[in-house]
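Working notes, structure below.
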Amino acid sequence: MLFGGETAHSYYEEGLTAAMKGDIPLAASRFKRALELDSGLHPARHQLGKCYLRMGRTHDAVEQLKAAVIQLPHLAPPRVDAGYALLLLGNVEAARQSFSEALQVKSDEPRAVMGLARCAAATRQWSTVLGLVQHALEQGYAHFDARFLMARAADACNMPEIAAENYEAAAKLMEQSVEANPDQPTGYYLRGCVLFSQENYTAALADFEAALSKAQKDAHYAAYQEHFAFLDILEMQGKCLQALGREKEARQVGNNILALAPDSPVGKQLAAEKTADGESNGKGGQ
């Protein structure tokens, strides 16, 4: 029996508790049940959409979040979350519109500013990214995604000092995440991505291998608007091995990737043997 009885609000509260504990499938089931009992409990629809997004069910997330936007027009968060779902689907213009509408509802919503920055990054407008992320930082949004995106934009704009400062800040934030949750792959993977961007391939490889040892093959992971799965970790492991000149090991990882995803471009590139002049002969993975 739920605390408070078999009511929509009880299931909604249970869902919020499960989401805070990181049990997203359970949270989704609770929000879904709340809506079955009361279809007018629109915050539950918003939360269900967020759960679907974190679970990698992006199309379902868009459906629920668009409905939440219609039912909760006075709130910015549903529009922000809908924007991130649309961006994950590759619909950059629709995502940009959703983030812009969120800022019309609440002009000081840093997550919407970060959303616009991600849209700009998707179209390689790096100077625009710099300005938007700086604005989010000034609003107090100093999370991993802001620091990592600022570093990447600064790199692209040939601003090495700003890039180094923000890469370091991003790595420290993920170091704290690893210390707090040593059995979860997320912190290792995201810190590995930072180290890879810094061309510190040895340290990045160690983090990706730690992430592989803790990740489930059929799970979807999401944190700070970064989404990844076991296959993504394998791809980064292979890229590190290749960058370190460990070609035989990189080819083996490439073959492991192709066994899971035969059409993976990264898997094909890693598995291909190199000729004397460094060109691929295209035989790998066959």
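These values consider heavy atoms only, across backbone and side chains, with no hydrogens, waters or symmetry-generated copies.
- Panel note: side chain Thr128, backbone Ala120; no donor-acceptor pair is recorded below 3.5 Å.
- With 3.5 Å as the limit, one finds a donor-acceptor pair spanning the side chains of Asn256 and Gln252.
- Annotation: Lys214, atom NZ; neighbour count of heavy atoms from other residues, nucleotides and ligands within 6.0 Å is above 12.
- Taking the ring centre of Tyr52 as origin, the terminal cationic atom of Arg57 falls inside the region bounded by 6.0 Å and 45° from the ring axis.
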Begin from the C-alpha positions of Asp108 and Lys106 and carry the test side-chain contact (heavy atoms from CB on, under 4.5 Å) through to its verdict. CA-CA 6 Å; Asp108 60 344; Lys106 185 181 179 184; 3.1 Å; yes
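- The backbone N or O of Cys193 lies less than 3.5 Å from a partner atom in the side chain of Ser197, making a donor-acceptor pair.
- Taking the six-membered ring for Trp and the full ring otherwise, Phe31 and Tyr12 have centroids separated by under 6.0 Å.
- At a threshold of 4.5 Å between side-chain heavy atoms, the hydrophobic network of Ile, Leu, Val, Met, Phe, Trp and Tyr places Tyr224 and Phe196 in one connected group.
- The side-chain heavy atoms of Glu175 and Glu179, taken from C-beta on, include a pair separated by under 4.5 Å.
- With sequence neighbours left out, His143 forms a ring pair (Phe, Tyr, Trp, His ring centres under 6.0 Å) with Tyr141.
- Cluster annotation: Phe144 and Leu137 are assigned to distinct hydrophobic clusters (Ile/Leu/Val/Met/Phe/Trp/Tyr, side-chain heavy-atom contacts under 4.5 Å, transitive).
- Residues that satisfy the salt bridge (Lys or Arg N to Asp or Glu O under 4.0 Å) test with Glu36, not counting sequence neighbours, are Arg33.
- Side-chain contact between Ser177 and Thr186: absent, with no pair of heavy atoms (C-beta onward) separated by less than 4.5 Å.
- Taken from CD in Gln47 to CZ in Arg30, the straight-line distance is 15.0 Å, to the nearest 0.5 Å.
- Using a 4.5 Å heavy-atom threshold, the side chains of Leu35 and Arg45 count as touching.
- A 4.5 Å side-chain heavy-atom check between Leu270 and Asn255 finds every atom pair outside the cut-off.
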Would you sort out whether Leu149 and Met114 count as a side-chain contact (heavy atoms from CB on, under 4.5 Å), showing the intermediate values? CA-CA 9 Å; Leu149 188 53; Met114 282 299 303; 4.0 Å; yes
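- Taking the side chain as every heavy atom from C-beta outward, Leu205 and Leu241 approach each other to under 4.5 Å.
- Gln176 pairs by the side chain to side chain contact (heavy atoms under 4.5 Å, CB included) definition with Leu173, not counting sequence neighbours.
- Distance alone, capped at 3.5 Å, is enough to place a donor-acceptor pair between the Ser29 side chain and the Leu26 backbone.
- The two residues Ala154 and Leu130 make their nearest non-hydrogen contact at N-CD2, 3.7 Å.
- With hydrophobic clusters built from ILVMFWY side chains whose heavy atoms lie under 4.5 angstrom apart, Leu212 shares a cluster with Leu244.
- Only one option out of Lys66, Arg54, Arg111 pairs with Asp81 in a salt bridge (charged side-chain N to carboxylate O under 4.0 Å, His left out); it is Arg111.
- Shown here are the ring pair (Phe, Tyr, Trp, His ring centres under 6.0 Å) partners of His9, two or more places apart in sequence or in another chain: there are none.
- In this structure the side chain of Leu75 never reaches within 4.5 angstrom of the side chain of Val105, judged on heavy atoms.
- Atom CE of residue Met150 and atom CG of residue Asp145 lie 12.0 Å apart, to the nearest 0.5 angstrom.
- Contact detail for Ala8 and Leu37: the closest heavy-atom pair is N-CD1, 3.8 Å.
- Checking side-chain atoms of Ser10 against main-chain N and O of Glu6 turns up no donor-acceptor pair under 3.5 Å.
- Partner of Gln242 under the side-chain hydrogen bond (donor to acceptor under 3.5 Å, both in side chains) criterion, out of Arg251, Gln237, Gln269: Gln269 alone.
- We find the SG-CD1 distance between Cys157 and Ile162 to be 9.0 Å, quoted to the nearest 0.5 Å.
- Judged as a side chain to side chain donor-acceptor pair (under 3.5 Å), the pairs with a partner in residues 163-173 (not counting sequence neighbours) are, in order, Arg147-Asn166, Asp155-Tyr167, Glu168-Lys172.
- Taking Asp232 as the reference, nothing meets the side-chain hydrogen bond (donor to acceptor under 3.5 Å, both in side chains) condition, with sequence neighbours excluded.
- Criterion: ILVMFWY side-chain heavy atoms under 4.5 Å apart, direct or through other members. Under it, Leu87 and Met55 are not part of a common hydrophobic cluster.
- No donor-acceptor distance shorter than 3.5 angstrom exists from the side chain of Asn181 to the backbone of Gln184, with no hydrogens or angles considered.
- Contact check for Phe208 versus Tyr188: no side-chain heavy atoms found under the 4.5 Å cut-off.
- Partners of Glu199 according to the side-chain hydrogen bond (donor to acceptor under 3.5 Å, both in side chains) rule, which considers only residues two or more places apart in sequence or in another chain, do not exist here.
- Under the side-chain hydrogen bond (donor to acceptor under 3.5 Å, both in side chains) criterion, Glu249 pairs with Arg246, not counting sequence neighbours.
- Under the rule for a ring pair (Phe, Tyr, Trp, His ring centres under 6.0 Å), the partners of Phe228 that lie at least two apart in sequence or sit in another chain are Tyr189, Tyr221.
- Annotation: side chain of Gln64 is not in contact with side chain of Asp60 (no heavy-atom distance under 4.5 Å).
- Pairs engaging residues 113-127 under the side chain to side chain donor-acceptor pair (under 3.5 Å) rule: Arg118-Glu226, Thr123-Gln125 [sequence neighbours left out].
- A search for ring pair (Phe, Tyr, Trp, His ring centres under 6.0 Å) contacts involving Tyr84 returns Phe99, not counting sequence neighbours.
- With values rounded to the nearest 0.5 angstrom, Ile24 atom CD1 is found 11.0 Å from His220 atom NE2.
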I'd like to know whether Leu86 forms a side-chain contact (heavy atoms from CB on, under 4.5 Å) with Val62, so could you lay out the CA-CA distance, the side-chain angles of the two residues, the decisive distance to 0.1 Å, and finally the verdict. CA-CA 7 Å; Leu86 290 163; Val62 168; 4.1 Å; yes
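- Residues Leu72 and Val80 fall into different hydrophobic clusters, defined by Ile, Leu, Val, Met, Phe, Trp and Tyr side chains chained together at heavy-atom separations under 4.5 Å.
- Interatomic distance, Arg96 CZ to Asn91 CG, rounded to the nearest 0.5 Å: 10.5 Å.
- Of all non-hydrogen atoms in Ala229 and Ala219, the two that sit nearest each other are CB-O, 3.7 Å.
- The shortest heavy-atom contact between Ala170 and Val194 is CB-CG2, 4.0 Å.
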Run the numbers on Gln97 and Glu93 for side-chain contact (heavy atoms from CB on, under 4.5 Å), then give the verdict. CA-CA 6 Å; Gln97 180 178 346; Glu93 289 309 313; over 6 Å; no
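- Across all non-hydrogen atoms, the minimal contact from Ala215 to Ile233 is CB-CD1, 3.8 Å.
- Contact record, Val113 with Leu132: CG1-O, 3.2 Å, taken as the closest heavy-atom pair.
- Residues meeting the side-chain hydrogen bond (donor to acceptor under 3.5 Å, both in side chains) test with Thr58, sequence neighbours left out: none.
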